[in-house]
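Convention: sequence-line order gives letters A, B, ...; per-chain numbering from 1.
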Protein chains: 2
Amino acid sequence: MSCHLTSNFKQIMPEHSFDGFDRKILDALQTDARLSNVELAERIGLSPSPCLRRVKLLEERGVIEGYQARLDRDAIGLGLTVFVDVKVERHSESSAETFKAAVLSLPEVISAHLVSGAADFLLQVVVPDLKAYERFLTQVLLKIPGISDIRSNFAIQTLKQQGALPLGHLR
Amino acid sequence: MSCHLTSNFKQIMPEHSFDGFDRKILDALQTDARLSNVELAERIGLSPSPCLRRVKLLEERGVIEGYQARLDRDAIGLGLTVFVDVKVERHSESSAETFKAAVLSLPEVISAHLVSGAADFLLQVVVPDLKAYERFLTQVLLKIPGISDIRSNFAIQTLKQQGALPLGHLR
DNA sequence: CGTTAAGTGGCATGACATGCCAAAAGAATC
DNA sequence: GATTCTTTTGGCATGTCATGCCACTTAACG
């Protein structure tokens, strides 16, 4: 049981230590992850050596999970974003688990959360068009067992997309 | 009116041309945006020169919008993610516009969409904890004029977060 | 076939990442 | 408050990489 201490450590003790340099690094890399180390160092007011050391540490600590290119969905032919509310059947214990496993394997689902409120799960699904969504819904989603209800909310306009996380609360 | 042609061009003619190399580049940079050009080139089976040229082209075309570090929300003390359904008042024409402008300026709102369905807008809000959300809700969101209803759905568990966009439909 | 256009590969140079060590800054102890 | 210990920084050296240029290959078209 004591082994759970380490796995819960992150929740118990969220920020090990973040000084102003770390916060600036995170802020800069959220905006442009391809900054060279020397430019990043200049921007945060530190020389390249310690700057790089800090970045590596943040990566090792898991604070930085990875780096990803942000693509224009329309440009690559993924014009339709749908937010799907999913309810699973209350009875079967394993409904939620099988649903989670299924969802994780679907590339069209780019985010998935267990949520409070009317629905159980909230999925963000990305497909080329309505026809593709129809196919996804009828041939993929609806075939997952244990689903009691699905509600599709189509994104008509995107105001903001995966904006940078606010870092103002750190100091 | 003809000037609208260019602004609509992307929707009319989504993918200008994507061969296998481009798709592999986008795929690789979605997974690891900090890949060096030589490693990227090796991975996609091309020499560094044309590989870099393709990446720059994809950036200029706007296919690649940017690069960003993915941070661990818990690690930086942002333990609470809330999906907020917002309805604006039907009467005032400008309700939606003022709401959009307000939302764009809020760093806690990391994504915002105009959606079909029961709500008008779907926001993703990130805050340290419940107390911070209470403050955000009462002192920020509820003070935006023209809002008729707000429903907060708390993320209890995150199965997948901003996963890579599926590129399988390109050829 | 010859011509042209587009894309590729290799090379050279300048910039950069990265590991090491001495110096500086800060914390703790007496 | 001086000393010691710890931590972090800055500079340097080396090997790797980005980047622009040019010759070569390939494919399409007349």
Query raised in the report: Listed in order of residue number, which residues of residues 19-26 of chain A have a non-hydrogen atom at under 4.0 Å from DNA chain C?
Result: none
Rounding to a whole Å, what distance do you find between [X]:[atom1] and [N]:[atom2]?
| X | N | atom1 | atom2 | value |
| --- | --- | --- | --- | --- |
| A:Glu42 | D:dG10 | CD | C1' | 14 Å |
| B:Glu59 | D:dA18 | CD | C1' | 13 Å |
| B:Arg43 | D:dC17 | CZ | P | 13 Å |
| A:Leu46 | D:dG10 | CG | C1' | 9 Å |
| B:Phe18 | C:dG7 | CZ | P | 14 Å |

Which residues pass the side chain to side chain contact (heavy atoms under 4.5 Å, CB included) test with [X], sequence neighbours left out?
| X | answer |
| --- | --- |
| A:Thr31 | none |
| A:Lys87 | A:Asp120, A:Ser148, A:Asp149 |
| B:Ala96 | B:Phe121 |
| A:Pro50 | A:Leu46, A:Ser47, A:Arg53 |

Query raised in the report: Listed by chain and number, what are the salt bridge (Lys or Arg N to Asp or Glu O under 4.0 Å) partners of A:Asp27, not counting sequence neighbours?
Result: none
Connected-component partners of [X] among ILVMFWY, side-chain separation under 4.5 Å:
| X | answer |
| --- | --- |
| A:Leu52 | none |
| B:Leu57 | none |
| B:Leu122 | A:Phe83, A:Val115, A:Leu122, B:Phe83, B:Val115 |

So which protein nitrogen or oxygen atoms get under 3.5 Å of nucleotides 26-28 of chain D's nitrogens or oxygens?
none

Report task. For nucleotides 14-21 of chain C, just jot down a letter per nucleotide in 5' to 3' order: B, S or -, based on protein non-hydrogen atoms under 4.0 Å. Result -> --SSSB--
Query raised in the report: Pairs in or reaching into residues 143-163 of chain B: which pass ring-ring contact (aromatic ring centres under 6.0 Å, His included), with residues at least two apart or in two chains?
Result: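 Qualifying pairs: B:Tyr133-B:Phe154.
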Report task. State plainly whether the residues A:Arg54 and A:Asp19 are in salt-bridge range, i.e. N to O under 4.0 Å. Result ->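 Counted as a salt bridge, because a side-chain N and a carboxylate O are separated by less than 4.0 Å.
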Query raised in the report: Can you find a heavy atom in the side chain of A:Val126 that is under 4.5 Å from one in the side chain of A:Arg73?
Result: yes
